Novice: 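Got a structure here, written out as structure tokens. Questions coming.
In what follows, every heavy atom counts, from backbone to side chain, and hydrogens, waters and symmetry copies are set aside. Ligands are counted one by one from 1 in listed order, and the atoms in each one are counted from 1 as well. The model shown is predicted, which means the values in this text are computed figures rather than measured ones.
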Amino acid sequence: MTVARVIVDVPSRQTDRTFDYLIPESFKDLVDIGSRVAVPFGGRTLQGIVTDFAVDAEVEAARMKPIADVLDEIPSLTSELIKLGEWMSKRWLCPLTISLQAMLPAALKGKVEHRASMKQVQTVFVISEQQLIEAIQQVPPRARKQHEVLEYLLTAPEPIAVQRLAEATATTAGTIRTLADKGWVEIRTITEDRDPYANREFVPSVPMKLTVAQADALAPIERAIANHQHEVFLLHGVTGSGKTEVYLQAIQRCLTDGREAIVLVPEIALTPQMVERFKSRFGAKVAVLHSRLSQGERFDEWRKIRDGRAQVAVGARSAIFAPFSQLGLIVIDEEHETSYKQEESPKYHARDVAIERARLHQAAVVLGSATPALDTYEAARSNRRAEGLGHITYIALPHRVANRPLPEVHLVDMREELKLGNRTMFSRALTDALNLRLERKEQTVLLLNRRGYATFVMCRSCGYTATCPHCEISLTYHRGSQNLRCHYCGYAEAEPKTCPSCESPHIRFFGTGTQKVEEALAATFPGIRVIRMDVDTTTEKGSHEKWLTEFRERRADVLLGTQMVAKGLDFPYVTLVGVLAADSALRLPDFRSSERTFQLLTQVAGRAGRHELPGEVIVQTYDPEHVAITSVQGHNYEAFVRQELKLRSILGYPPYGRLIAVTLSHESVPMLLSIGEQLATRVRELAKFHGIGTDFSRDDRVLEVLGPVASPIARLKDRYRFQCMVKYRGGVDASSLVSQALQQIADAVKRSGLVVSVDVDPQMML
Ligand code: ADP
Ligand code: ZN
Ligand code: ZN
């Protein structure tokens, strides 16, 4: 083995293959499958990953370049992860290096000089107690500080960092170094983990006695784990039904068998409270991976997994790539969350990756949710092998633990409020309910469903709205800086005093932002204490945690926020949940907008009355007959799903068909139309050639190409955008057809400078 096959980190279709490099003698013992290496490539030195060794490459060896450096002591990836990467690249049509790089922690990405930095700490080691006592006798008494250090060391725990020892004895590092120079103590450099939870105590927890329903839910999962059987479960349990305890005990089972587990939680639900539940049960075995950690902390947590010091990984989407080698279980909590789909390449869905990864390990997968994604649910209920998901076993937890009732949900028709002359953003019902909570010193969560409801500037005289000159997007008003900004390209302009179109002075910002609600609360409820949580108040590291702690300690009456306040929070004194503008996202041009609205409302309703105090939910809406809203009132997931699936089936949308979105962008519309047409035609021709039908109402194996049409966001950063939507079902390998079609028009695309982006099973249609 003298030649390594390397995937070089040049993400393009042309270089999407391995290149061979000689392994110099000195690196022979260091290079393994999954090692990151530095290699010469086109005059530069780039990072690559060894995916294989070439056995019969001697003929070519003479012309081959050698590996320049090995960047890992222990390979960063395993051969299983490389296999998984190959699968991802096929599944989501992207170069292999993009899939592999997505599996590495940020500290390891990029160019060679980005060699990962570990935290190096100068540390004092006591040689022996004998040596210390001897030192105390021999060091002259006037070296008072040296004496203090030596005496401290007699009783202090060691090894101890030089810095910490100096602080504890109120001396300088110099004093300590003098002692080391004389040979009384030893100073060595060691690598220390940055532990993001170092200053927190976790009270150990023991497994709870399961309810009958929980025990029934756990049994088949445990069986699959014990039998090393690849099985996927949907754990459909209402909010507060005790899903987490089922996860915990399933994980315990895994650990007992000497295997490992991954738990995925949506980024914004990954609160200290959530982490605590796992840390309390499994202690130091838990590594936590999420983006609010610093790059260094994240890297150290990742190393704990790679080096076998942690057996449970709890994290957001990318924790699915935790470098375990003995996986027994993958849990995905709130499996319906859109954040499990990555919106940039590789545009993978963590649920699908989990299922494939578990297959490679013969491991179990538990998908948990109160409102499962419709495709997961359909796959579990229909008892067939769903395309892209396979077979899923359905488990239900239909009631809350201890028979706590689900909160009562009231719908308020805001049109009626207006008729009665209430022009504020709070209905009479919500105002009364809030006042009652203030009186009783209970707490309220207020959700502003703000998606698609930005604060835009409009002229009341002529209807002019301020839009970005580079993107087809309304500008958003920012109160702090008093300017208008484009959230896509960053363009900013001053707030206009008069309308640029008709010069009317009646131009002002519209829509309800969280800031506006905060002001309205203060005006309507004098003295009310509000914590506002949105993207603006949570950018700083640790701010998210800080707000939640403050709210937990009841230093505020209201937690007001966007999506962020809907997930995972569990506060005993929250007895009221209010939803402002429940239907604001219902009319977005996305076939999943009803599903999303229903899920969000159900999630946030679940924040109320989780403990002894019963809860109440008030949903303000302009569309009280919409099934996504009415079903929330009865906590009736099935009713919603029945209705929604009917619509999907008529239109051939998921789960009754699958989609691939191809988005093309260019400065010139005619160019886009011409190449877009070529692409659509090629895909249609290929489908026809393979005998695939085109009629969704009749054919089983069927494929349809919609477009090219202007994308919902028709222009971005001065480039126009068109999309072709490929809709198909019946085991058609549409990915490979699209891939072939793109290959056929590759020259035209390259010449024109057109940018193509492919999204397989897109989640966001905007
Ligand atoms: P979910 O994850 O389904 O929303 P949780 O796991 O948060 O539900 O459980 C809701 C509440 O019920 C929590 O306070 C939890 O401690 C409690 N709980 C869960 N299982 C049990 C049990 N077997 N016995 C007593 N309390 C339980
Ligand atoms: Zn105007
Ligand atoms: Zn813009």
Novice: Do Arg554 and Tyr573 form a cation-pi contact, if we require the NZ or CZ to be under 6.0 Å from the six-membered ring centre and within 45 degrees of the ring's axis?
Specialist: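 Yes, Arg554 lies over the aromatic ring of Tyr573.
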
Novice: Any chance CD of Glu545 has more than 12 other-residue heavy atoms, nucleotides or ligands included, within less than 6.0 Å?
Specialist: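 More than 12 within 6.0 Å, yes.
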
Novice: Under 3.5 Å between some N or O of ligand 1 and some N or O of Gly240?
Specialist: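 Yes; at least one N/O pair falls below 3.5 Å.
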
Novice: Is the Zn ion (ligand 3) less than 2.8 Å from at least one N/O/S atom of Cys468?
Specialist: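 Given the 2.8 Å cut-off, Cys468 counts as a ligand of the Zn ion (ligand 3).
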
Novice: Where on Gln249 is there a heavy atom closer than 4.0 Å to ligand 1, on the side chain, on the backbone, on both, or on neither?
Specialist: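 It is neither part, as no heavy atom is under 4.0 Å.
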
Novice: Could you identify the single nearest non-hydrogen protein atom to atom 7 (O) of ligand 1 and state the distance to 0.1 Å?
Specialist: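 Going by distance alone, atom 7 (O) of ligand 1 is nearest to Arg277 NH1, 3.0 Å.
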
Novice: Could you tell me whether the side chain of Lys243 and the main chain of Gly237 form a donor-acceptor pair under 3.5 Å?
Specialist: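 Yes, Lys243 side chain to Gly237 backbone: donor-acceptor pair under 3.5 Å.
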
Novice: Donor-acceptor check, side chain of Glu335 to backbone of Ile332, threshold 3.5 angstrom: yes or no?
Specialist: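 No, because the side chain of Glu335 does not come within donor-acceptor range (under 3.5 Å) of the backbone of Ile332.
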
Novice: Passes salt bridge (Lys or Arg N to Asp or Glu O under 4.0 Å), Arg281 versus Glu245? Steps please.
Specialist: CA-CA 10 Å; Arg281 193 66 59 88; Glu245 188 61 33; 3.0 Å; yes

Novice: Under a 4.0 Å threshold between the charged nitrogen and the carboxylate oxygen, would Lys285 count as salt-bridged to Glu260?
Specialist: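 A salt bridge is absent here (no side-chain N lies under 4.0 Å from a carboxylate O).
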
Novice: Side chain or backbone of Leu397 under 4.0 Å from ligand 1, or both, or neither, by non-hydrogen atoms?
Specialist: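 Answer for Leu397: neither.
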
Novice: In this structure, are over 12 heavy atoms from other groups packed under 6.0 Å from Lys341 atom NZ?
Specialist: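 More than 12 heavy atoms, drawn from other residues, nucleotides or ligands, come within 6.0 Å of this atom.
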
Novice: Give the atom numbers and elements of ligand 1 that come within less than 4.0 Å of a heavy atom of Val238.
Specialist: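 Answer for ligand 1: 3 (O).
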
Novice: Mark up the atoms of ligand 1 that fall under 4.0 Å of a heavy atom belonging to Met208, in ascending order.
Specialist: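 In order of number, 16 (O), 18 (N), 19 (C), 20 (N), 21 (C), 22 (C), 24 (N), 25 (C), 26 (N), 27 (C).
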
Novice: Can you pull out the closest protein heavy atom to atom 8 (O) of ligand 1? Residue, atom name and distance to 0.1 Å, please.
Specialist: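 Ranked first by proximity to atom 8 (O) of ligand 1 is Gly242 N, 3.0 Å.
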
Novice: Just heavy atoms, cut-off under 4.0 Å: does Lys243 contact ligand 1 by side chain, backbone, both, or neither?
Specialist: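 It is both backbone and side chain that touch ligand 1.
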
Novice: Is the shortest N/O to N/O distance between Thr239 and ligand 1 below 3.5 Å?
Specialist: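 Checking ligand 1 against Thr239, no N or O pair falls under 3.5 Å apart.
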
Novice: Near Lys209, which atoms of ligand 1 are under 4.0 Å from a heavy atom of that residue?
Specialist: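 Listed by number with element: 22 (C), 23 (N), 24 (N).
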
Novice: For Arg610, take its heavy atoms, then give the atoms of ligand 1 lying under 4.0 Å from any of them.
Specialist: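 Here the atoms of ligand 1 in question are 4 (O), 7 (O).
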
Novice: Kindly state whether the ring of Tyr637 and the ring of His236 have centres lying under 6.0 angstrom apart.
Specialist: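 Yes: the rings meet the under 6.0 Å criterion.
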
Novice: Does the N or O separation between Val401 and ligand 1 drop below 3.5 Å for any pair?
Specialist: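 Between Val401 and ligand 1, no N or O pair is found under 3.5 Å apart.
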
Novice: Do the ring planes of Tyr394 and Tyr377 sit parallel (below 30°), tilted (30 to 60°) or perpendicular (above 60°)?
Specialist: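 Tyr394 and Tyr377: perpendicular rings.
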
Novice: Atoms of ligand 1 less than 4.0 Å from Thr244 heavy atoms?
Specialist: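 Answer for ligand 1: 2 (O), 6 (O).
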
Novice: Counting only heavy atoms from other residues, nucleotides and ligands, does the tally under 6.0 Å from NE2 of His410 exceed 12?
Specialist: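 Atom NE2 in His410 is crowded, with more than 12 foreign heavy atoms closer than 6.0 Å.
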
Novice: If we set the cut-off at 4.0 Å for heavy atoms, which region of Gln214 has an atom near ligand 1: side chain, backbone, both, or neither?
Specialist: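 The answer is the side chain.
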
Novice: Considering heavy atoms of the protein only, find what lies nearest to atom 11 (C) of ligand 1 and give residue, atom and distance to 0.1 Å.
Specialist: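 Answer, as residue, atom name and distance: Arg404 NH1, 4.2 Å.
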
